[in-house]
Amino acid sequence: MIKIDYSVNLFSENSEKLKQFLKSFYGSEINLDNDFSFEKSFENPIDMVELISTLIDNNEKFDAGIWISLDKNIYINITDFNLDKIIRYLFERYPY
């Protein structure tokens, strides 16, 4: 069986706000390879729901964007407008 990694990509024009969000979310400092972006892979895409919903719910404070990848080379921009539909889709496509 082929292992597929699903990814979340966060980005911001303000590296300090991105670092602040990550520190707040994970409870510790996160070292970034690129100060303006952060990528995390997941074996199960359901596990990314908490991260994407937390960022979108607090986006006015952290001013960061988020893209997810569920299929190779296909990225979906997550916004206030599509967050609920994306989360529903994840739970329908990848039941726990």
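Heads up: numbering here begins at 1 and tracks the sequence.
Taking CG from Leu70 and OH from Tyr94, the interatomic distance works out to 4.5 Å, rounded to the nearest 0.5 Å. The CG atom of Asn9 sits 11.0 Å away from atom CD1 of Ile78, with the distance rounded to the nearest 0.5 Å. With rounding to the nearest 0.5 angstrom, the OG atom of Ser41 is 11.5 Å from the OH atom of Tyr6. In this structure, the separation between CD1 on Ile52 and CG on Asp47 is 11.5 Å, given to the nearest 0.5 Å. The distance from the CG atom of Asn14 to the CG atom of Asp35 is 10.5 Å, given to the nearest 0.5 Å. Residue Ile46 holds its CD1 atom at 5.5 Å from CG of Leu90, rounded to the nearest 0.5 Å.
For Glu50, the side chain to side chain contact (heavy atoms under 4.5 Å, CB included) partners at least two apart in sequence or on another chain are Phe25, Thr54. For the side chain to side chain donor-acceptor pair (under 3.5 Å) test, residues two or more places apart in sequence or in another chain that qualify with Asn82 are Thr79.
Side-chain contact between Phe62 and Leu18: absent, with no pair of heavy atoms (C-beta onward) separated by less than 4.5 Å. Counting heavy atoms from C-beta outward, Phe21 and Leu51 have side chains that approach closer than 4.5 Å.
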Legend entry - Verdict with supporting geometry, Val8 and Leu55, side-chain contact (heavy atoms from CB on, under 4.5 Å): CA-CA 11 Å; Val8 170; Leu55 180 62; over 6 Å; no
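Under a 3.5 Å cut-off, the side chain of Ser7 and the backbone N or O of Lys40 do not form any donor-acceptor pair.
Asn34 CG: more than 12 foreign heavy atoms inside a 6.0 Å radius.
Residues Leu32 and Phe36 do not share a hydrophobic cluster, clusters being chains of Ile/Leu/Val/Met/Phe/Trp/Tyr side chains in contact below 4.5 Å.
Among pairs with a residue in residues 69-94, those fulfilling salt bridge (Lys or Arg N to Asp or Glu O under 4.0 Å) read Asp71-Arg93, at least two apart in sequence or across chains. Within the structure, side-chain hydrogen bond (donor to acceptor under 3.5 Å, both in side chains) contacts touching residues 55-65 (residues at least two apart or in different chains) do not occur. Applying the side-chain hydrogen bond (donor to acceptor under 3.5 Å, both in side chains) test to residues at least two apart or on different chains, the pairs with a partner in residues 15-32 are Lys23-Glu29.
Cluster note: Phe11 groups with Trp67, Tyr75 through ILVMFWY side-chain heavy atoms spaced under 4.5 Å, whether in direct contact or through intervening members.
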